[in-house]
Amino acid sequence: MSQFTELRGLYHLRETIGSGGFAKVKLAYHALTGEKVAIKIMDKRSLGEDLPRVKTEIEAMKDLCHQHICKLYQVIETETKFFMILEYCPEGELFDYIVSKDKLSEEEARIFFRQIVAAVAYIHSQGYAHRDLKPENLLLDEDQNLKLIDFGLCAKPKGGIDSQLFTCCGSPAYAAPELVSGREYLGSEADLWSMGILLYALLCGYLPFDDDKIPSLYKKIQSGKYDTPSWLSDDSKSLIGSMLQVDPKNRVTIRHLLKHPWLMADAQCPVEWHSKYKRSLDEDCLTELAVHYGKTKKEMESSVSEFKFDYLTATYFLLLEKKMKGRPVRLLNKIRNHEGASREK
Ligand SMILES: Cn1cc(Br)cc1C(=O)Nc1[nH]nc2c1CN(C(=O)N[C@H](CN1CCCC1)c1ccccc1)C21CC1
């Protein structure tokens, strides 16, 4: 396998697990921790006018640190390529999970939707709108937790989350009426509409507005009329209805969603949306890093806290991952060279 020289000794590349328009995603192992990562590789030449989207995604993901957002560990930029080293989600896309189960029970849909609401409440609190919320952009980790990905279309409006946007983007079936009508819109309100489509897809297994011709799809979206199958409970119908409001000013806000009765039904507590990641650095991880690099903890702390999204940032976050999963906070001191043979450091 053609080893990218930029990754040599840092990551051991394995098979391709996804390929899209201008990018592909490969499974890899982070050499120092042995943890699995997903490396999104983009070729600058084939990016063309999509290049700004990559920069948007990288800058957004550097800012976002949350239990339901796919973690960015490292960015490597060369003359011809971008490498984004990201959290590996072994269970794939929520889209495939829904298809495999036809549709989800209200209880299971609620567990997933609470996580989606938490992720969106967090990114809105950081001033971002995702603008491409759909089941393909929600991955499942090994504990069936959702991780939001693909921030290439997200917006961080200059004037804050509640200032007007124009660019029409995202996937048509999930796009809000004001967006498909080419009017000005608020990113946060468009995200809430997409979440209504998402909840409908979780509970029904198909989309409320669908048509293979875009113009007629847009007409259906702008009409706001969709059918509600018999198996939907009254509470589900009213929650979906509060998000699929054609007039964005009548649409429920993320703040209301957090304490909506349907979302609190089995849990009796509002959705806990704040990031579980602490501001302060983890002592155990710093100690292990200091030992490994032969530095004092103070030196280690100041290097790590720069968060340059270099190999040190990746190693810190992956050590933290190991700790949060109850695995030993240890670095592999046998650095395997690229043949895979290991030698004492
Ligand atoms: C598909 N699959 C099956 C299993 Br099992 C694990 C996976 C898997 O892909 N896991 C995984 N972990 N981490 C990631 C992934 C996929 N992945 C992705 O970023 N996947 C997206 C998927 N998008 C959804 C709509 C269009 C493309 C992607 C983007 C560009 C090119 C290819 C794929 C990351 C890196 C964040």
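We count ligands from 1, going down the list as the structure has it; atoms in each ligand are counted the same way.
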Exercise for review: Give me the one residue out of Phe317, Tyr73, Tyr277 that meets ring-ring contact (aromatic ring centres under 6.0 Å, His included) with Phe307.
Suggested key: Phe317
Numbering the atoms of ligand 1 from 1, which are under 4.0 Å from a heavy atom of [X]?
X	answer
Ala23	30 (C), 31 (C)
Ile149	18 (C), 19 (O), 20 (N), 21 (C), 22 (C), 36 (C)
Ser19	32 (C)
Gly92	2 (N), 3 (C), 4 (C), 6 (C), 7 (C)
Leu139	11 (C), 12 (N), 13 (N), 14 (C), 15 (C), 16 (C), 17 (N), 34 (C)
Ala38	12 (N), 13 (N), 14 (C), 35 (C)
Gly20	31 (C), 32 (C)

Check your understanding: Do Tyr29 and Tyr88 have ring centroids that are under 6.0 Å from one another?
Key -> no
Point to revise | Phe151 and Tyr128 aromatic centres sub-6.0 Å | key: no
Which protein heavy atom lies closest to [atom], and at what distance to 0.1 Å?
atom	value
atom 28 (C) of ligand 1	Val25 CG2, 4.1 Å
atom 1 (C) of ligand 1	Ile17 O, 3.6 Å
atom 5 (Br) of ligand 1	Pro90 O, 2.7 Å

At under 4.0 Å between heavy atoms, which part of [X] makes contact with ligand 1: side chain, backbone, both or neither?
X	result
Leu86	side chain
Asp96	neither
Glu87	backbone
Cys89	both

Practice item. Indicate whether the side chain of Tyr11 and that of Gln74 have a donor and an acceptor atom separated by less than 3.5 Å. Key: yes
Exercise for review: State whether a side-chain donor-acceptor pair under 3.5 Å links Thr80 with Asp43.
Suggested key: no
Exercise for review: Kindly check if the number of other-residue, nucleotide or ligand heavy atoms within 6.0 Å of NZ (Lys237) is above 12?
Suggested key: yes
Exercise for review: Using a cut-off of 6.0 Å, state whether more than 12 heavy atoms not belonging to Lys325 lie near its atom NZ.
Suggested key: yes
Review point. For the residue pair Gln115 and His68, what are the closest heavy atoms and their distance?
Key: OE1-CE1, 3.3 Å
Practice item. Kindly identify the option in Asp132, Ile41, Thr16, Asp150 whose heavy atom sits closest to atom 24 (C) of ligand 1. Key: Asp150
Practice item. May I ask you to decide whether Glu79 forms a salt bridge with Lys44, counting only side-chain N to carboxylate O separations under 4.0 Å? Key: no
Check your understanding: Would Lys55 and Glu59 pass as an ion pair if we require N to O under 4.0 Å?
Key -> no
